[in-house]
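To keep things clear, I will list the structure first and then write my remarks on it.
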2 protein chains.
Amino acid sequence: MTTYNNQSKLLAAVDCIIFGFDGLHLKILLIKRGFEPALGQWSLMGGFIKKNEDLDEAATRILKKLTGLEGIYLEQLHAFGQPGRDPIDRTISVAYFALIDIHQYEKQLSNDYHPEWFNLNEIPKLIFDHTLMVEAAKEKLRYKAAMHPILFELLPNKFTLPQLQTLYEEIYSASLDKRNFSRKILSTGLLIRQKEKDKINSRRGAYYYKLDKGKYEKKFQSFLNIIPNSHKLR
Amino acid sequence: MTTYNNQSKLLAAVDCIIFGFDGLHLKILLIKRGFEPALGQWSLMGGFIKKNEDLDEAATRILKKLTGLEGIYLEQLHAFGQPGRDPIDRTISVAYFALIDIHQYEKQLSNDYHPEWFNLNEIPKLIFDHTLMVEAAKEKLRYKAAMHPILFELLPNKFTLPQLQTLYEEIYSASLDKRNFSRKILSTGLLIRQKEKDKINSRRGAYYYKLDKGKYEKKFQSFLNIIPNSHKLR
DNA sequence: CAAGATTCGTGTCAAATTAACACTAATTGA
DNA sequence: TCAATTAGTGTTAATTTGACACGAATCTTG
């Protein structure tokens, strides 16, 4: 026997939950589905896995197709395989979540997909089980960000501590003490203060910081405890 | 258009990494593959996903087929989809990991699969990408157990603190201070001390404990910090 | 150009948590 | 009954955490 007989084949797809942060709110990028079924309805960006493509490759390809971006933080989230989740044909979808700097994205809007950013609490009805996927992605992002220095991926190359704090506050719907926050963040040693200040968002101006890339790679697995009592969440 | 034309279909499978603990060592259960290709080689227990089956269902079915057990801790680990990972036909496999009480298993060995338990550091060469899967499962188990009270799943209904400590020590290749260990574990309030003692493993005997199931469900998300400096691991 | 408004940046202290550490108690087997 | 083994427990010092408030820098406006 050199084939697997009698096993039913099915379609395999990838869907991407793309997070961005506009300085105030955490958002995800949705598209208007361009083909039947559910043409015109809001959907995650996705696509079928090609014949000679690995899952990660497929996700990277799809992310690039929508955003034009490469070298993005991308992580496999979960495989979804309910029979009937796609009404047309049995399809397993492997969901990925991506964190992008929303400003890099905005520069190049040229798409057939009519993509739009939605605040997390204003997400429209989505096709299939995409709402489930988004929920799972939100949860995983919160889980992971409580322990790993991951949220930098949502900010520009240079960012300020107030920006970073706002992002944490948005993600955890919590307000944080800025003295404790900066103490914890700076104690990781991951940030390098720049000489320039951001004078756009305040009169006085806040120092820009950059990630220490070397330490970032090494320390990625380190656990932060940015959110006081984050272990009591949920 | 009411079908997805021109998309290539493929096979979808589930593979299970089954962990057990014999009181001394953490082990995984492997089988001798019963069909070509790679007949007779060591492999994870797995199977194709059926026509009307969800992924979790498939994993549950496969776990039951091998161990006879139901109601087992089972969690999706990762989807593996390298083209060519199965030399016969393009197959995506969704890996699950399971934690079982090895003693419940031992009671009923009656299998065509010739299953055997292997210590984690004595795992033989496995087919396809199963070695990768096992590595990922080990890592995830260590990650998760550092923060969630999950290891009880590997122990019998009644267990002693020394047993539990040995399990933690085995998983993290660390030796722990038993005073600090018991303080931390008991402070979760998850354990209920029984009146009987385990007189098998020591002369003096150690109290048995049972899980407080109610609190366990509620507190599952709680973060423990059993391993001092677990955040410095890896 | 002075006064007011805004937001940034920083330090202390008390409370809680953590890690390090050693001895007595219970039981069995010789 | 003595020796050997393993269980069970408490204190202290160090570290980490959370709560808390004010002066500094800069821009705007009158």
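Quick caveat: nothing in here was measured; it's all calculated off a predicted structure.
In this structure, OH of Tyr208(B) is placed 12 Å from P of dG8(D), rounded to the nearest angstrom. Taking atom CD1 of residue Ile185(A) and atom C1' of nucleotide dG18(D), one finds them 16 Å apart after rounding to whole Å. In this entry the distance linking NZ of Lys197(B) with C1' of dT5(D) reads 14 Å, nearest Å. One interatomic measurement links the two molecules: CD of Glu196(B) to P of dA7(D), which rounds to 17 Å at whole-angstrom precision. Look at CG on Asp177(A): it is 11 Å from C1' on dT10(C), rounded to the nearest Å. As rounded to whole Å, 18 Å separates atom P of dA26(C) from atom CG of Asp198(B). Spacing between atom OH of Tyr207(B) and atom C1' of dT27(C) amounts to 13 Å, rounded to whole angstrom units. Atom CG of Leu191(A) is separated from atom P of dG9(C) by 12 Å (rounded to the nearest Å).
Interface remark: the Arg204(B) side chain does form a donor-acceptor pair with the dA25(C) base, using a distance-only criterion of under 3.5 Å. Put simply, the side chain of Lys178(B) and the base of dA7(D) share a donor and an acceptor less than 3.5 Å apart.
Listed nucleotides dT27(C), dC21(C), dT28(D) differ in distance to Arg203(A); the shortest reach to its side chain belongs to dT28(D). Which of dG8(D), dC21(C), dT7(C) sits closest to the side chain of Ala206(B) comes down to dG8(D). Ranking dT9(D), dA19(D), dC27(D) by closeness to the Asn180(A) side chain, first place goes to dA19(D). Closest contact between the side chain of Arg183(A) and the listed nucleotides dA19(D), dA21(D), dA19(C) involves dA19(D).
With DNA chain C read from its 5' end, the first of the two nearest nucleotides for Arg193(A) and Ser202(A) is the one closest to Ser202(A). When the nearest nucleotides of DNA chain D are assigned to Gly205(A) and Leu186(B) by heavy-atom distance, the more 5′-ward of the two goes with Leu186(B). Each of Lys199(A) and Arg179(A) has a nearest nucleotide on DNA chain D; the 5'-most of these lies closest to Arg179(A).
Ring pair His78(A)/Phe80(A): centre-to-centre distance below 6.0 Å.
Here the side chain of Lys219(B) pairs a donor or acceptor atom with the backbone of Thr188(B) at under 3.5 angstrom.
Under 3.5 Å, the side chains of Asp198(A) and Tyr207(A) contain no donor-acceptor pair of N or O atoms.
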Donor-acceptor contacts, no H, no angles, side chain residues 158-171 of chain B, under 3.5 Å, sequence neighbours left out:
unit_1, atom_1, unit_2, atom_2, d
Lys158(B), NZ, Glu196(B), OE1, 2.8
Thr160(B), OG1, Gln163(B), N, 3.2
Gln163(B), OE1, Thr160(B), N, 3.0
Gln165(B), NE2, Glu169(B), OE2, 3.2
Gln165(B), NE2, Leu176(B), O, 2.9
Thr166(B), OG1, Pro162(B), O, 2.8
Glu169(B), OE2, Leu176(B), N, 2.8
Glu170(B), OE1, His25(B), ND1, 3.4
Glu170(B), OE2, His25(B), ND1, 3.4
Glu170(B), OE2, Leu26(B), N, 3.0

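Across Tyr113(A), Phe118(A), Phe128(A), a single residue satisfies ring pair (Phe, Tyr, Trp, His ring centres under 6.0 Å) together with Trp42(A), and that is Phe118(A).
OP1 or OP2 of dG18(D) has at least one side-chain nitrogen or oxygen of Lys184(A) nearer than 4.0 Å.
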